[in-house]
Amino acid sequence: MPEAYIVAAARTAGGRRKGALSGVHPADLGAVVLNALIARAGMDPAGVDDVILGCVTQAGEQGSALGRNVVLASNLPQSVPGVTIDRQCGSSQQALHFAAQAVMSGTQDVVIAAGVESMTRVPMGSNVALHTAAGLGQGPWPESVQTRFGVPAFNQFHGAQAIADKYGFSREAMDAYALASHEKAAAAIAAGLFDAEIVPVMTAEGPFARDEGVRADASLDALAGLKPLTEGGSLTAGNASQMTDGASGVLVASEAALKRYNLSPIARIVNLTVTAGDPVIMLEEPIPATRRALQRAGMALGDIDLFEVNEAFASIPMAWLAALGADPARLNVRGGAIALGHPLGASGTKLMTTLLHALSATGGRYGLQTMCEGGGVANVTIVERLV
């Protein structure tokens, strides 16, 4: 089967909700990343066959074919198509899978997989809430689904709490995990480890190029003072991911394209896996998905040098570590979404960008990324570093 290669990877810094990136239209935010990918690859933008863009809340400024609008806002010619996909938090990771599959099938040679989410300008859930407020429809889940699973709705907060309870994670243990995320991210910023992966965004206040949500002064005492997200629960805003504005992307190319455009690949796609399970507990699916990906790749967990497991809530990567027996020293080595933020549809290629740069910096060969997603779905991507 033909190979798929990653040639360039970039992301914006994460902006806090109502923070530094709140004045930037999401299409312009995505365009910054597209322009950076083309510049880093050093290729003619007209050679891009397609742009596949992940976005979760496709309404308002993120509605009406956001993927195409990002292309039109960028330096790419209008001849380049664009499409928007929603696989919840894994949207841009799935965009990467679709891009790689297009290249591996031989139907396309250069595809950009990207993601954008402005959680300030298009609040999470507003695509449903506004319809509900207007009395339009009955919501995403019909009675047939509610009856089948015995719940009125699927709720990520309840799922994350159920996982914490299932594995016996205390509030104190999850707060300690959250603190470590901030400490790792703060150390990475201080050492300039994110500089190579971040593309600056021009704002009214000047260029923005530093993750805004990381708390270098975080402490267990401060985390302990936060109220639980649900009555009697152990999850809080402090041990959950931050609402964030941001964009990210990777440029995927075939071997023929590498030769045609004289491109230098930074990684090879080893495995693409997506699985689905219980939509009620919802966020536990990265565990069986990882097992399946490793089996399909003919690899063992010990073969992987670095892991990126999205920190939607502290209980998710903690359960992943506990169930698989993975080495915590290889997990989210530069911090995760608890500190750096979770810009929903942009998080997939954001994590991949960080993973690739971390592999390069540490000399690791293989990296694995996985993402919990709404509906009980999970993506897993395994890559091999080439430079």
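Just so you know, these numbers come straight off a predicted model, no measurement behind them. Below, all heavy atoms of this structure are taken into account, side chains as well, without hydrogens, waters or symmetry copies.
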Expected output: side-chain [X] to main-chain [Y] donor-acceptor under 3.5 Å:
X	Y	answer
Asp109	Ala257	no
Ser118	Pro26	no
Ser74	Val71	yes
Gln108	Ala102	no
Gln146	Pro152	yes
Arg215	Asp217	no
Ser92	Ala95	no
Ser181	Gly336	yes
Arg385	Gly364	yes

Identify whether [X] and [Y] are in the same connected component of the hydrophobic contact network (ILVMFWY, side-chain heavy atoms under 4.5 Å).
X	Y	value
Met1	Leu272	yes
Leu331	Leu283	yes
Val51	Met43	yes
Leu386	Leu37	yes

Is the distance between the ring centroids of Trp141 and Phe149 under 6.0 Å?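 No, they do not, as the ring centres are separated by 6.0 Å or more.
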So if I apply the side chain to side chain donor-acceptor pair (under 3.5 Å) rule between Trp320 and each of Thr290, Asn310, Thr370, which one comes out positive? Thr290
Residue of the set Glu285, Gln94, Gln93 for which side chain to side chain donor-acceptor pair (under 3.5 Å) holds with Asn379: Gln94
Filter on salt bridge (charged side-chain N to carboxylate O under 4.0 Å, His left out), then keep only pairs touching [range], sequence neighbours left out; what's left?
range	value
residues 346-356	none
residues 295-307	none
residues 60-69	Glu61-Arg121

With a 3.5 Å cut-off and sequence neighbours excluded, list the donor-acceptor pairs that the side chains of residues 126-135 form with protein atoms.
unit_1	atom_1	unit_2	atom_2	d
Ser126	OG	Pro123	O	2.8
His131	ND1	Asn127	O	3.0
Thr132	OG1	Val128	O	3.1

With sequence neighbours left out, the residues meeting ring-ring contact (aromatic ring centres under 6.0 Å, His included) with Phe157 are Phe313
Residue list, ring-ring contact (aromatic ring centres under 6.0 Å, His included) with Phe194, at least two apart or on another chain: none
Write out all pairs satisfying ring-ring contact (aromatic ring centres under 6.0 Å, His included) with one or both partners inside residues 41-96, taking only residues at least two apart or from two chains.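 For residues 41-96: none.
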Going by distance alone, is a donor N or O of one side chain under 3.5 Å from an acceptor N or O of the other, for [X] and [Y]?
X	Y	result
Asp221	Ser219	no
Thr107	Ser105	yes
Gln62	Glu117	yes
Thr120	Ser22	no
Gln58	Thr84	no
Thr354	Glu197	yes
His342	Ser347	yes

Looking at residues at least two apart in the chain, or sitting in another chain, which of them share a side chain to side chain donor-acceptor pair (under 3.5 Å) with [X]?
X	answer
Asp175	Arg171, Asn239
Glu384	Arg268, Arg365
Arg291	none
Thr353	none

Does the side chain of [X] reach to within under 4.5 Å of the side chain of [Y], using non-hydrogen atoms?
X	Y	value
Val250	Ile112	no
Val116	Cys55	no
Pro286	Val380	no
Asn332	Tyr177	yes
Val110	Leu251	yes
Leu306	Val333	yes
Leu235	Met174	yes
Glu212	Thr244	no

Begin from the C-alpha positions of Asp28 and Val70 and carry the test side chain to side chain contact (heavy atoms under 4.5 Å, CB included) through to its verdict. CA-CA 7 Å; Asp28 289 325; Val70 169; over 6 Å; no
To the closest 0.5 Å, what do you measure between [atom1] ([X]) and [atom2] ([Y])?
X	Y	atom1	atom2	result
Ile52	His97	CD1	NE2	11.5 Å
Ile6	Leu355	CD1	CG	8.5 Å
Gln101	Met104	CD	CE	7.5 Å
Leu368	Leu294	CG	CG	6.0 Å

Test side-chain hydrogen bond (donor to acceptor under 3.5 Å, both in side chains) on His158 and Thr230; report intermediate values, then the result. CA-CA 8 Å; His158 293 163; Thr230 56; 6.0 Å; no
Taking the basic N atoms (NZ, or NE/NH1/NH2) and the acidic carboxylate oxygens, is any pair closer than 4.0 Å for Asp245 and Arg17? no
Ion pair check, Arg16 and Asp211, cut-off under 4.0 Å: no
Looking at residues at least two apart in the chain, or sitting in another chain, which of them share a side chain to side chain contact (heavy atoms under 4.5 Å, CB included) with Ala319? Ile163, Tyr167, Phe169, Ile287
Start with the C-alpha distance between Met282 and Cys372, add both sets of side-chain angles, then the distance that settles side chain to side chain contact (heavy atoms under 4.5 Å, CB included), and finish with yes or no. CA-CA 8 Å; Met282 189 186 301; Cys372 58; over 6 Å; no
Does Glu255, at its CD atom, have more than 12 non-hydrogen atoms belonging to other residues, nucleotides or ligands within less than 6.0 Å? no
